[in-house]
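Everything numeric in this text was worked out from a predicted model, so none of it was measured. The chains referred to below are lettered A, B, ... by the order of the sequence lines, with proteins before strands, and numbering in each begins at 1.
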Protein chains: 2
Amino acid sequence: MSENAREAILEAAKIAAQHFGYSGINFRSIGETVGIKNASIYYHFPSKAELGAAVAKRYWEDTAGVLEAIHRETPDPRDSLRRYPSIFRTSLENGNRLCLSSFMAAEYQDLPEPVKKEIVAFADINVAWLAARLIELELGDAETCQRRARAIYTAVAGAQLIARTRADIGLFDELVESYQEAGLLPV
Amino acid sequence: MSENAREAILEAAKIAAQHFGYSGINFRSIGETVGIKNASIYYHFPSKAELGAAVAKRYWEDTAGVLEAIHRETPDPRDSLRRYPSIFRTSLENGNRLCLSSFMAAEYQDLPEPVKKEIVAFADINVAWLAARLIELELGDAETCQRRARAIYTAVAGAQLIARTRADIGLFDELVESYQEAGLLPV
DNA sequence: ACCTGAACACCGTTCAAGT
DNA sequence: ACCTGAACACCGTTCAAGT
């Protein structure tokens with residue numbers, strides 16, 4: 001039961017954060033969802049900052065797992081790169097939610113230090129994965145691939161952000177296609 | 001004095017929004033900055049939603065003016081497009097602030113309707129301006145240029161978002177360069 | 001070990017009241 | 001016409017108290 005409460009709190013906080021950002025994490029409504037009083041959350045997490053950090057940390061760990069799976073299932077780096085935007089597309093599919101970390105990137109100035117740390121970690125694992133695929137494609141030296149990887153991550157995260165404001169997943173697809181046509185993303 | 005109060009409220013709200021987003025607009029601290037009590041703000045604006053909308057509206061109107069000026073001063077569309085990212089760079093220069101509208105794009109789900117309307121207007125005038133320059137460059141038909149314009153706007157807004165999380169304006173420049181190298185932005 | 005009730009300072013908002 | 005004080009329901013957080 002205690003481990004269940006902790007899990008339930010994390011899950012409810014994650015959903016809230018994906019919809020409304022860090023500031024959308026509300027202890028009273030999380031308590032209601034979980035079936036405990038808001039004060040009880042403090043038994044499991046010392047503060048909203050630590051709860052937010054735990055949510056963000058689990059989020060990038062999950063994403064790292066997905067990236068690994070794509071790499072494993074899709075040995076060809078070109079195919080892997082074609083699948084990459086699907087990670088961001090999936091959040092939009094599931095109720096127009098934003099990838100947690102690009103979301104919190106906007107709130108960044110406002111965020112407690114432990115949360116910031118996990119947001120940066122999310123970007124880092126994405127860029128590292130992209131750079132590894134670009135190197136496999138022999139698209140340049142390590143430095144060049146790193147730069148290009150940062151550009152791809154940034155552009156795809158931006159596409160998710162913009163598509164969300166129109167609640168239009170077709171716009172996300174169109175933007176990714178445009179990146180491919182323009183040559184930012186290998187085809 | 002009364003017109004001054006309204007102006008001072010708008011200015012204080014804009015600064016707050018660029019730093020902390022819509023949720024960072026705080027009536028009590030705006031009141032302190034302006035030198036009135038928070039209840040007095042309601043004499044000038046009927047709600048936080050309407051104040052936020054007024055801030056966003058003025059922001060895209062100002063941006064439209066800057067875009068017009070660039071077009072006027074820089075007849076060559078290629079040069080105009082090279083100057084475009086400077087709009088987003090300037091906010092970062094001025095205290096690591098975010099372009100208001102890409103900022104609020106992240107909070108979008110949470111935003112009152114009148115604010116949403118102005119955020120979408122900001123994106124629209126940017127895309128329209130970019131598309132006009134691409135057409136002048138004869139880079140394709142109207143539809144193609146519109147698509148490419150959306151991709152450029154999205155990628156540059158994303159670059160600002162990511163650069164901000166690292167408080168690194170050099171990263172913004174690097175991302176824009178990468179877009180140029182990749183062929184997304186004409187050089 | 002896990003949860004609660006009551007209190008704290010803070011927020012947007014309202015409203016009757018002041019000049 | 002413009003502003004204020006006091007109150008409202010809401011928030012994160014604390015803490016003594018319950019089982």
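Which of D/dG12, D/dT14, C/dC3 sits closest to the side chain of A/Ser40 comes down to C/dC3. Picking from D/dC15, C/dT13, C/dC3 the nucleotide with the shortest atom distance to the side chain of A/Ala39 gives D/dC15. The side chain of B/Ala5 has D/dC3 as its nearest neighbour among D/dT13, D/dC3, C/dT4. Listed candidates were C/dG12, D/dT14, D/dT13. Nearest to the side chain of B/Phe27 is C/dG12.
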One pair to check against side-chain hydrogen bond (donor to acceptor under 3.5 Å, both in side chains): B/Asp141 and B/Thr144. What are the steps and the verdict?
CA-CA 5 Å; B/Asp141 58 19; B/Thr144 308; 2.5 Å; yes
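Look at OH on A/Tyr43: it is 19 Å from P on D/dG18, rounded to the nearest Å. In this structure, B/Ile30 places its CD1 atom 11 Å from P of C/dT13, rounding to the nearest Å. Atom CG of B/Asn4 is separated from atom P of D/dC2 by 11 Å (rounded to the nearest Å). Taking atom CZ of residue B/Phe45 and atom C1' of nucleotide D/dC3, one finds them 16 Å apart after rounding to whole Å. With rounding to whole Å, B/Tyr42 atom OH is found 15 Å from D/dT4 atom P. Rounded to whole Å, atom P of D/dC3 lies 13 Å from atom CZ of B/Arg6. A straight line from CG of A/Asn38 to C1' of D/dC15 spans 13 Å, rounded to a whole angstrom. For the pair A/Ile41 CD1 and D/dG12 P, the computed distance is 8 Å after rounding to whole Å.
Residues B/Thr74 and B/Arg83 have side chains that bring a donor and an acceptor to within less than 3.5 angstrom of each other.
In this structure, A/His44 does not reach the C/dA1 phosphate: none of its side-chain N or O atoms is under 4.0 Å from OP1 or OP2. Between C/dC3 and A/Lys37, no contact under 4.0 Å exists linking OP1 or OP2 to a side-chain N or O.
For B/Arg147 and A/Glu177, the salt-bridge test passes: some basic side-chain N is under 4.0 Å from an acidic carboxylate O.
Of all nucleotides present, only D/dT13 satisfies the Watson-Crick or G-U wobble test against C/dA7, with each distance under 3.5 Å. Applying the Watson-Crick and G-U wobble criteria (two distances, each under 3.5 Å), D/dT19 pairs with C/dA1.
Using a 4.5 Å cut-off on side-chain heavy atoms (C-beta onward), B/Phe88 and B/Tyr153 make contact.
Using modelled atom types, one side-chain atom of B/Arg148 and one backbone atom of B/Leu184 make a donor-acceptor pair closer than 3.5 Å.
Geometrically, B/Arg58 does not engage B/Trp60 in a cation-pi contact, judged by NZ or CZ lying under 6.0 Å from the ring centre and within 45° of the ring axis. Judged by a 6.0 Å distance limit and a 45° cone about the ring axis, A/Lys37 is not positioned over the six-membered ring of A/Phe27.
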All N/O pairs under 3.5 Å across the protein-nucleotides 8-10 of chain C interface:
none

